[in-house]
Chemist: 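I have a structure I would like to understand better, so I am pasting it below and will then ask my questions one at a time.
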Amino acid sequence: MKTRAFTYRSLVLLSAFLVLLTGCQPESTPLATEAPLPIVEAATVTPSPVPAQSEEPAMQISADINLDPALAQDADSAMISQYLYEGLVRLDESGAPQPALAESWVISDDQLDYIFTLRSTAVFSDGTPITPDVIVENFNRWFDPQHPLHGSGDFAVWGRIFLGFHGEKDTSDRAKSTVDGIQKVDVNTVLIHLNRLMPDLLTDLADPAIAILKPTTLASAGYGGRDSTIISSGPYIVSAWTDNGLTLAPNPSYWGNKPIEGLNFT
């Protein structure tokens, strides 16, 4: 009996101890979990609308332009003349002389003779060939006040570049003009002779006022005005000239790269 009582009492005490021990355990804390990252949707970028390409407005020019570049002195006339006419040489974007109506040239050792070989394919817009005779006729018109095509014009650009005209003398009885003359050498060659050095001659020959025009059209009174027939040696021709403006079209007879579109001026 003693043994059974001890055992029972022991079991009661052990049970009470276990209950007490369980009540003293600290409360368990659940493991912290990271909050889920927010879901960020990729932004949808709407491209800005591309503005519609509109035609550029026509450039405004003076109503009093003169398309005889040797006589015109205003900027608008010179600009239009550059589209219509061409000289022996032209300038590239860097200002260096490049072949134009002349495909090549040779300079003498003393640098007083410039021999130009013309392009065999160079023609005016009406199909007339641009020959050495044409070049000589243009130069004599500018240079010689007695030439039939010189007229009463002052040819200011020629005077500024070449310092004078045929027959003019300075106080030392020396020719004012740096150009002594021009002559035809053969069927496709001309020679310009200087009486003193002109290091910038090739650059000067690219001036719009020294462009080559058709001599027979220059013989008509009032060449360069709206009522005259403009014959081109450059990449464009006059397709319309009215009170409202001037329209240039590509010259189909031009020897070089032909422009694709025309030009409009108001």
Side-chain angles (χ1 to χ4, degrees), residues 56-103 105 116 118-119 121-126 128 130 134-135 137-139 141-143 149 153-162 192 200-215 217-218 222-226 228-242 245-266:
E56 294 185 2
M59 184 181 298
Q60 292 187 350
I61 58 174
S62 168
D64 299 323
I65 59 172
N66 181 355
L67 298 185
D68 182 348
L71 299 179
Q73 298 184 36
D74 63 287
D76 287 343
S77 296
M79 176 187 65
I80 299 299
S81 293
Q82 285 184 305
Y83 292 120
L84 296 174
Y85 308 115
E86 196 161 61
L88 293 173
V89 300
R90 62 176 181 84
L91 302 181
D92 62 18
E93 293 180 355
S94 65
Q98 300 295 329
L101 295 181
E103 65 181 6
W105 53 83
F116 294 88
L118 305 183
R119 296 182 186 276
T121 55
V123 298
F124 289 107
S125 56
D126 65 353
T128 304
I130 299 176
V134 168
I135 305 299
E137 193 83 345
N138 274 266
F139 268 81
R141 179 205 180 205
W142 305 322
F143 176 49
L149 297 179
D154 58 5
F155 296 85
V157 175
W158 174 276
R160 172 177 56 80
I161 294 175
F162 298 101
I192 299 175
D200 296 327
L201 176 62
L202 293 174
T203 300
D204 292 333
L205 290 177
D207 192 286
I210 316 298
I212 302 302
L213 278 61
K214 187 176 179 181
T217 59
L218 290 169
Y223 181 84
R226 190 191 306 180
S228 60
T229 300
I230 305 297
I231 304 297
S232 303
S233 57
Y236 288 90
I237 60 174
V238 173
S239 63
W241 191 355
T242 68
L246 175 71
T247 301
L248 305 183
N251 178 5
S253 300
Y254 183 56
W255 66 267
N257 292 330
K258 298 173 181 59
I260 298 175
E261 299 179 346
L263 301 172
N264 295 312
F265 302 89
T266 59

Chemist: State which residues pass salt bridge (Lys or Arg N to Asp or Glu O under 4.0 Å) with Asp126; sequence neighbours excluded, sorted by chain then number.
Modeler: Lys214
Chemist: Output all residues satisfying salt bridge (Lys or Arg N to Asp or Glu O under 4.0 Å) with Asp207, sequence neighbours left out; order by chain, then residue number.
Modeler: Arg160
Chemist: What's the shortest heavy-atom distance between Gly153 and Leu71, and which atoms?
Modeler: CA-CD2, 3.7 Å
Chemist: Would Ile161 and Trp142 count as a side-chain contact (heavy atoms from CB on, under 4.5 Å) if you check the C-alpha gap in whole Å, the side-chain angles of each, and the deciding distance to 0.1 Å?
Modeler: CA-CA 12 Å; Ile161 294 175; Trp142 305 322; over 6 Å; no
Chemist: Are Leu118 and Val134 close enough, and set up right, to give a side-chain contact (heavy atoms from CB on, under 4.5 Å), and what steps lead you there?
Modeler: CA-CA 11 Å; Leu118 305 183; Val134 168; over 6 Å; no
Chemist: Would the distance check show the side chain of Asn251 and the main-chain N or O of Ile237 forming a donor-acceptor pair, the cut-off being under 3.5 Å?
Modeler: no
Chemist: For residues Val89 and Leu202, report the shortest heavy-atom separation together with the two atoms involved.
Modeler: CG2-O, 3.0 Å
Chemist: What's the spacing between Ser232 OG and Ile212 CD1 if we round to 0.5 Å?
Modeler: 13.5 Å
Chemist: Between the side chains of Ser77 and Asp74, does any donor sit under 3.5 Å from an acceptor?
Modeler: yes
Chemist: Which residues pass the side-chain hydrogen bond (donor to acceptor under 3.5 Å, both in side chains) test with Thr247, sequence neighbours left out?
Modeler: Asn264
Chemist: Not counting sequence neighbours, which residues clear side-chain contact (heavy atoms from CB on, under 4.5 Å) with Ala75? List them please.
Modeler: none
Chemist: Are Ile210 and Tyr85 packed together at the side-chain level, in the sense that at least one heavy-atom pair is separated by less than 4.5 angstrom?
Modeler: no
Chemist: Quick one: side-chain hydrogen bond (donor to acceptor under 3.5 Å, both in side chains) partners of Glu103, sequence neighbours excluded?
Modeler: none
Chemist: Ile130 and Phe124: side-chain contact (heavy atoms from CB on, under 4.5 Å), yes or no, with the steps?
Modeler: CA-CA 7 Å; Ile130 299 176; Phe124 289 107; 3.7 Å; yes
Chemist: Taking all heavy atoms of Phe116 and all of Ala102, pick out the closest pair and write down the distance.
Modeler: CD2-CB, 3.9 Å
Chemist: Please enumerate all residues that pass side-chain hydrogen bond (donor to acceptor under 3.5 Å, both in side chains) together with Trp105, with sequence neighbours excluded.
Modeler: none
Chemist: If the condition is side-chain contact (heavy atoms from CB on, under 4.5 Å), which residues does Val123 pass it with, not counting sequence neighbours?
Modeler: Ser253
Chemist: Who passes side-chain contact (heavy atoms from CB on, under 4.5 Å) against Ala96, sequence neighbours left out?
Modeler: Asp92, Ser94, Gln98
Chemist: Please report the closest heavy-atom contact between Arg119 and Pro99, naming both atoms and the distance.
Modeler: NH2-CB, 3.5 Å
Chemist: Could I get the full list of side-chain contact (heavy atoms from CB on, under 4.5 Å) partners for Pro235, not counting sequence neighbours?
Modeler: Tyr254, Pro259
Chemist: The criterion is ring-ring contact (aromatic ring centres under 6.0 Å, His included); which residues satisfy it with Phe265, sequence neighbours excluded?
Modeler: none
Chemist: Would you give me the side-chain donor-acceptor pairs under 3.5 Å for residues 59-66, sequence neighbours excluded?
Modeler:
from: Ser62; atom 1: OG; to: Asp64; atom 2: N; distance (Å): 3.0
from: Asn66; atom 1: OD1; to: Asp68; atom 2: N; distance (Å): 3.0

Chemist: Quick one, Pro69 and Leu213 - any side-chain contact, counting heavy atoms below 4.5 Å?
Modeler: yes
Chemist: So, the side chain of Arg141 versus the backbone of Leu149: is there a donor-acceptor pair under 3.5 Å, distance only?
Modeler: yes
Chemist: Kindly indicate, with the supporting measurements, whether the criterion side-chain contact (heavy atoms from CB on, under 4.5 Å) is fulfilled by Ile80 and Tyr236.
Modeler: CA-CA 9 Å; Ile80 299 299; Tyr236 288 90; over 6 Å; no
Chemist: Quick one: pull up CG in Leu205 and CG in Leu101 and give me the separation to the nearest 0.5 Å.
Modeler: 11.5 Å
Chemist: Supply the atom-to-atom distance Ile192 CD1 to Phe139 CZ, rounded to the nearest 0.5 angstrom.
Modeler: 3.5 Å
Chemist: Take the angle between the ring planes of Trp158 and Phe143 and call it parallel below 30°, perpendicular above 60°, tilted in between.
Modeler: tilted
Chemist: Give me the atom names and distance for the closest heavy-atom approach of Glu86 to Ser233.
Modeler: N-OG, 2.9 Å
Chemist: Would you please name every residue forming a ring-ring contact (aromatic ring centres under 6.0 Å, His included) with Tyr223, sequence neighbours left out?
Modeler: none
